[in-house]
There are 2 protein chains.
Amino acid sequence: MTSRREAVREILAGGEGFRSAQDIYAQMRANGAKIGLTTVYRALQALADAGQIDVLRTDDGESVYRACATGGHHHHLVCRRCGRTVEVAGPAVERWADAVGAEHGFTAITHTVEVFGTCPSCAALTAAG
Amino acid sequence: MTSRREAVREILAGGEGFRSAQDIYAQMRANGAKIGLTTVYRALQALADAGQIDVLRTDDGESVYRACATGGHHHHLVCRRCGRTVEVAGPAVERWADAVGAEHGFTAITHTVEVFGTCPSCAALTAAG
DNA sequence: AACGATTTTGACAATGGTTTTCATTGTGCA
DNA sequence: TGCACAATGAAAACCATTGTCAAAATCGTT
């Protein structure tokens, strides 16, 4: 029983976009894995704590997870239509956030940035239909 | 009974930082107002739809609301300790977000940016105790 | 003022993602 | 094999939020 976390991580690594804990759980069960929802949550938390996966909240309050392609700090450009995501590095934002914080005397600055848009494919679809 | 929304808006206008729906409800009850939690939620939604208040999600999934001081688009610098918030305008980020989106062919770009940090007062407290 | 139509309100139940509980099971070690 | 400890998972608990629906308030009309 090599920690189920491995299994969870592999599921995430095997996919592309963000997935919710519930989805991951369902998929694992579908794959025949014997795992509980509780454990999925715990694995996800551990992975997130270890910085091995990305976490972000959808607008309706659900947490979604995704394997981190690049180890470093980065943000996401998410298609609001199909959910396709692109990891983007944004040195400019990092600097801006730090500057803004410093300007007001804040320390230990962190920030969350998510960019949403309509990806080319979906834009085409929208135009067509 | 001039729409309870007025009352909710006034509570928000009378405070500084972000407050959760539950907090607002509790405060209104404490002030002697006869209002239901359901109505607070409805008022908050209506106000948010009308663009009269800011809404954002805390890390633990709770929605928090705040009277919008400036009408225009802006972001927030939030103290992770005491919740004090500063509205910041960030032309640089706007441009960056648009540029990043455009670079990948995305259109109709929107973005969410929240900067967290420890405010001077809280930093002092931390250092002291 | 009186009336009905429409909207607003709010107590309560339901929802649903997430977390906790706790007994069970697996693992490492002597 | 036996024991200590971490991991697991089923079910219950949590809790912010939303839905339901009947009562109350408001408006427009007479």
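Hydrogens, waters and symmetry mates play no part in the numbers below; they use all other heavy atoms, side chains included. Chain naming here is simple, since letters A, B, ... match the order of the sequence lines and numbering starts at 1 in each.
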Completion exercise
Of B/G36 and A/Y65, the one whose nearest nucleotide on DNA chain C sits closer to the 5' end is B/G36
Exercise for the section: Report the distance from atom CZ of B/R4 to atom P of D/dA24, rounded to the nearest whole Å. Expected result: 14 Å
Handout entry: A/Y41 OH - C/dT20 P separation (whole Å)
Key = 12 Å
Practice task
Answer yes or no: does a side-chain N or O of A/Q45 lie under 4.0 Å from OP1 or OP2 of C/dT18?
Solution key: no
Handout entry: Residue pair A/V8 / A/I53, side-chain heavy-atom distance below 4.5 Å
Key = no
Practice task
Would you kindly give the CG-to-C1' distance between A/L44 and C/dT19, to the nearest whole Å?
Solution key: 14 Å
Problem - Length of the CD1-C1' vector between A/I35 and D/dG9, whole Å - result: 10 Å
Problem - Distance, rounded to the nearest Å, where A/L37 contributes CG and C/dT20 contributes P - result: 14 Å
Exercise for the section: Confirm from the modelled atom types if A/S20 and C/dG17 form a donor-acceptor pair under 3.5 Å, side chain to base only. Expected result: no
Problem - Donor/acceptor link under 3.5 angstrom from B/R42 side chain onto base of C/dG10 - result: yes
Problem - Distance in angstrom units between A/E62 CD and D/dA16 P, rounded - result: 18 Å
Practice task
Would you name the heavy atoms of B/L47 and B/R5 that are closest together and state the gap between them?
Solution key: CD2-O, 4.1 Å
Exercise for the section: Using atom CE of B/M28 as one end and atom C1' of C/dG10 as the other, report the distance to the nearest whole Å. Expected result: 13 Å
Practice task
Please determine if a side-chain N or O atom of A/T38 lies less than 4.0 Å away from the OP1 or OP2 oxygen of D/dT8.
Solution key: no
Exercise for the section: Give the ring-plane orientation class for A/H111 versus A/H75, where under 30° counts as parallel, over 60° as perpendicular and anything between as tilted. Expected result: tilted
Practice task
Could you pull out the closest heavy-atom pair between A/C119 and B/F106, with the gap in Å?
Solution key: CB-CZ, 3.5 Å
Practice task
Determine whether any donor atom in the side chain of B/S63 lies under 3.5 Å from an acceptor atom in the base of D/dA16, or the reverse, and answer yes or no.
Solution key: no
Practice task
Would you check if the side chain of B/R66 reaches a backbone N or O of B/L12 as a donor-acceptor pair within less than 3.5 Å?
Solution key: no
Fill in the blank from the handout: Taken to the nearest whole Å, CZ/B/R5 to C1'/D/dA25 is 14 Å
